[in-house]
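Following: one structure in structure tokens, then a few remarks.
All heavy atoms count here, side chains included; hydrogens, waters and symmetry mates do not. Throughout, protein chains are lettered first and strands after them, A, B, ... in sequence-line order, and every chain is numbered starting at 1.
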2 protein chains.
Amino acid sequence: MKQTEKNDSPKDRILNEAEILFAEKGFHAVTVREITRSAKCNLAAVNYHFGNKENLYLEVFKQRWIPRAKRVRAAFQKTVSAGNGQEIAEIVHALAHAFLKGPLTDDERLRHAQLMIREMAMPTLALDLLIEEVIQPFFREVAGRLRPLMEEAFEKERLMLNIISVFSMVIYFNFARVPVRRVTGEEYDENFKEKLVDHIVKFSVAGFGMNGEEKV
Amino acid sequence: MKQTEKNDSPKDRILNEAEILFAEKGFHAVTVREITRSAKCNLAAVNYHFGNKENLYLEVFKQRWIPRAKRVRAAFQKTVSAGNGQEIAEIVHALAHAFLKGPLTDDERLRHAQLMIREMAMPTLALDLLIEEVIQPFFREVAGRLRPLMEEAFEKERLMLNIISVFSMVIYFNFARVPVRRVTGEEYDENFKEKLVDHIVKFSVAGFGMNGEEKV
DNA sequence: GTCTATAGCAGGATAGAC
DNA sequence: GTCTATCCTGCTATAGAC
């Protein structure tokens with residue numbers, strides 16, 4: 001069950017295979033030869049369609065990564081709209097579910113997380129695009145939905161740190177599968193992912209409701 | 001203020017510069033020529049001292065990354081021993097502080113996180129080493145310290161997920177500086193890092209104390 | 001638009017002088 | 001142990017036939 005099929009155009013096949021390979025190995029570890037071999041097309045095709053390797057990498061984000069991120073966000077929005085959206089737990093659950101179970105296949109989800117992680121840890125031109133088009137707007141939407149559910153005294157900064165914390169868990173559980181498996185002894189099957197969603201919701205909701213002042 | 005000074009041996013200088021470059025750019029994006037140029041030594045030195053480029057990468061982890069991780073852990077242990085170690089907040093604070101402020105310089109901390117992230121998202125031989133020698137033992141120590149402070153009914157799995165969540169925040173705030181800056185508008189100065197530690201402690205302690213059952 | 005062939009160069013690694 | 005010189009593979013990118 002390969003993602004790239006013969007009926008796609010060479011250009012599409014290149015984008016598909018390039019995304020898989022870039023996600024698995026990173027930009028520099030992947031060669032144009034490898035991409036065109038996987039895409040069953042000619043070596044020159046990358047340069048013909050995308051100019052050069054670097055631009056192909058950018059196009060992977062523009063034409064594959066960003067649309068997929070938008071599907072994840074749409075899934076989040078749909079879930080939230082389906083409920084009454086008046087509960088913090090509901091919003092966090094929609095978020096964790098969209099990322100960890102959501103509309104993507106398991107392979108897609110892993111690729112998606114790996115590409116993002118690589119950009120965050122080692123930014124290229126693509127990161128600006130991601131932040132501008134996906135991360136910022138999504139973050140603002142979540143903040144906008146949560147703010148009215150918070151107590152008055154809740155400062156803006158605390159809300160932001162809370163949301164980042166939820167994202168940090170969701171992202172971490174997605175990309176750090178190897179150490180998580182080793183530490184928990186669990187496989188990433190549907191059952192475990194369900195437990196993760198549940199955990200993130202409970203942990204975060206408690207964290208959101210924290211009493212502001214810790215005991216010194 | 002360069003880390004590598006003339007009085008170090010070429011072998012040490014290579015290790016120092018290689019770590020910096022591998023952290024910044026990743027294994028494949030760095031060339032042996034670049035490393036030896038930075039280390040002000042000859043091109044052949046890498047092969048003479050380390051056999052080949054890949055083995056140099058492993059040695060960076062063995063001789064630089066792991067010892068540094070042990071310094072972080074030692075800082076955590078020292079802080080915990082200094083208190084009475086009977087408070088969850090105290091342990092989480094020691095953890096967050098060790099990672100986000102701790103004994104490392106800011107450059108070291110960033111490099112350290114980047115190397116780890118890269119291994120987690122795209123494992124090589126080095127990751128087994130890290131998990132075996134650092135991640136597992138540290139994780140077990142934290143679990144061992146926290147378990148007696150939990151209520152009886154606390155299952156093992158919930159404790160593990162809690163600890164992973166703390167790590168996820170600590171790690172995320174360390175490596176995802178670019179998007180965090182963009183979203184919060186804050187710079188990573190001492191003041192902001194202090195706020196982050198504080199936030200992680202409050203959020204986590206609340207999360208740990210969560211009531212088990214969420215409202216449906 | 002797709003191919004073959006190849007230019008042109010940078011990479012890791014080694015041989016052998018000192 | 002450290003150097004210079006060099007091998008040779010494999011890369012990106014392009015020219016030009018079809």
Side-chain angles (χ1 to χ4, degrees), chain A residues 2-64 115 118-119 122 124-126, chain B residues 2-64 115 118-119 122 124-126:
Chain A
K2 206 131 163 31
Q3 164 171 352
T4 294
E5 299 298 342
K6 254 297 177 198
N7 50 339
D8 289 333
S9 72
K11 191 170 173 176
D12 282 326
R13 296 205 304 274
I14 288 173
L15 279 170
N16 294 340
E17 298 301 319
E19 186 184 18
I20 295 172
L21 290 165
F22 285 143
E24 269 174 15
K25 308 180 170 193
F27 182 79
H28 290 279
V30 176
T31 68
V32 174
R33 287 162 204 275
E34 202 177 354
I35 294 168
T36 51
R37 206 183 317 125
S38 300
K40 299 194 204 326
C41 71
N42 191 268
L43 174 61
V46 162
N47 292 337
Y48 177 76
H49 288 290
F50 302 96
N52 56 39
K53 183 186 170 187
E54 199 178 340
N55 193 56
L56 166 59
Y57 181 76
L58 273 178
E59 288 300 318
V60 163
F61 279 93
K62 286 185 190 162
Q63 298 187 38
R64 292 289 184 272
L115 284 169
R118 235 187 280 284
E119 279 299 318
M122 182 181 145
T124 71
L125 284 179
Chain B
K2 208 131 163 30
Q3 164 173 350
T4 293
E5 298 299 343
K6 254 297 176 196
N7 49 340
D8 289 333
S9 73
K11 191 170 174 178
D12 283 325
R13 295 205 306 273
I14 288 173
L15 280 169
N16 293 340
E17 297 301 319
E19 186 185 17
I20 295 172
L21 290 165
F22 285 143
E24 270 175 13
K25 309 182 171 191
F27 181 79
H28 291 279
V30 176
T31 67
V32 173
R33 292 171 146 82
E34 202 177 354
I35 295 168
T36 51
R37 206 183 317 124
S38 301
K40 299 193 204 326
C41 70
N42 192 268
L43 173 61
V46 161
N47 293 49
Y48 178 76
H49 287 290
F50 302 96
N52 57 38
K53 183 186 170 187
E54 200 178 340
N55 193 57
L56 166 60
Y57 181 75
L58 275 178
E59 289 300 317
V60 163
F61 279 92
K62 286 185 192 162
Q63 298 186 37
R64 292 288 184 273
L115 284 169
R118 235 186 280 284
E119 278 300 315
M122 184 182 144
T124 71
L125 285 179

* With sequence neighbours left out, write down each residue that passes side chain to side chain contact (heavy atoms under 4.5 Å, CB included) with B:A18, or none if nothing qualifies. =>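 Side chain to side chain contact (heavy atoms under 4.5 Å, CB included) check on B:A18 returns B:F22, B:I35, B:L56, B:V60.
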* Ignoring hydrogens and geometry, is there a side-chain-to-backbone donor-acceptor pair from B:R64 to B:L15 under 3.5 Å? ->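 Here the side-chain-to-backbone pair does not exist.
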* Backbone N/O of B:V46 and side chain of B:K53: donor-acceptor pair under 3.5 Å ->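 Here the side-chain-to-backbone pair does not exist.
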* **Earlier contact from the 5' end, DNA chain C, for B:E54 and A:H49** =>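 It is A:H49, whose closest nucleotide lies nearer the 5' terminus.
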Please state how far atom [atom1] in [X] lies from atom [atom2] in [N], giving the value in whole angstrom units.
{"X": "A:I35", "N": "D:dC11", "atom1": "CD1", "atom2": "P", "value": "11 Å"}
{"X": "B:R13", "N": "D:dC3", "atom1": "CZ", "atom2": "C1'", "value": "13 Å"}
{"X": "B:K40", "N": "D:dT2", "atom1": "NZ", "atom2": "P", "value": "16 Å"}
{"X": "A:R37", "N": "C:dC3", "atom1": "CZ", "atom2": "C1'", "value": "17 Å"}
{"X": "A:Y48", "N": "C:dT2", "atom1": "OH", "atom2": "P", "value": "7 Å"}
{"X": "A:Y57", "N": "D:dT12", "atom1": "OH", "atom2": "C1'", "value": "18 Å"}
{"X": "B:F50", "N": "D:dG1", "atom1": "CZ", "atom2": "P", "value": "12 Å"}
{"X": "A:N47", "N": "D:dT14", "atom1": "CG", "atom2": "C1'", "value": "8 Å"}

* Take A:L43 and B:A44, find for each the nucleotide of DNA chain D with the closest heavy atom, and name the residue whose nucleotide sits nearer the 5' end. =>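 Comparing both residues, the 5'-ward one is B:A44.
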* Sequence-distant partners of A:T31, side chain to side chain donor-acceptor pair (under 3.5 Å), two or more places apart ->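 Here no residue qualifies.
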* Set of side chain to side chain donor-acceptor pair (under 3.5 Å) partners for A:E34, sequence neighbours left out ->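 A:E34 satisfies side chain to side chain donor-acceptor pair (under 3.5 Å) with A:K25 once adjacent residues are dropped.
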* Answer yes or no: is there a side-chain heavy-atom contact under 4.5 Å between A:R118 and A:T124? =>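 The answer is no; the side chains never approach within 4.5 Å.
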* How sharply is the helix from C:dG1-D:dC18 to C:dC18-D:dG1 bent, taking the axes over five pairs at either end and rounding to 10 degrees? ->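 The angle, to the nearest 10 degrees, is 0°.
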Please write out the pairs of protein N or O atoms and N or O atoms of nucleotides 9-11 of chain C separated by less than 3.5 Å, giving the distance to one decimal.
from, atom 1, to, atom 2, distance (Å)
C:dG11, N7, B:R33, NH1, 3.4

* Can you name the closest pair of heavy atoms from A:L43 and A:R33 and give their distance? ->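 Minimum heavy-atom separation between A:L43 and A:R33: CD1-CG, 3.8 Å.
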* **Listed nucleotide nearest any side-chain atom of B:N42, set C:dT2, D:dC3, D:dA15** =>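 In terms of side-chain proximity for B:N42, the closest of C:dT2, D:dC3, D:dA15 is D:dC3.
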* **By salt bridge (Lys or Arg N to Asp or Glu O under 4.0 Å) - contacts of B:E59 (at least two apart)** =>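 If we apply the salt bridge (Lys or Arg N to Asp or Glu O under 4.0 Å) test to B:E59, skipping adjacent residues, the hits are B:K62.
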* To do: Find out whether the Lys NZ or Arg CZ of A:K11 is both under 6.0 angstrom from the six-membered ring centre of A:F50 and within 45° of the ring's axis.
  =>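 The answer is yes; both the distance and angle limits are met.
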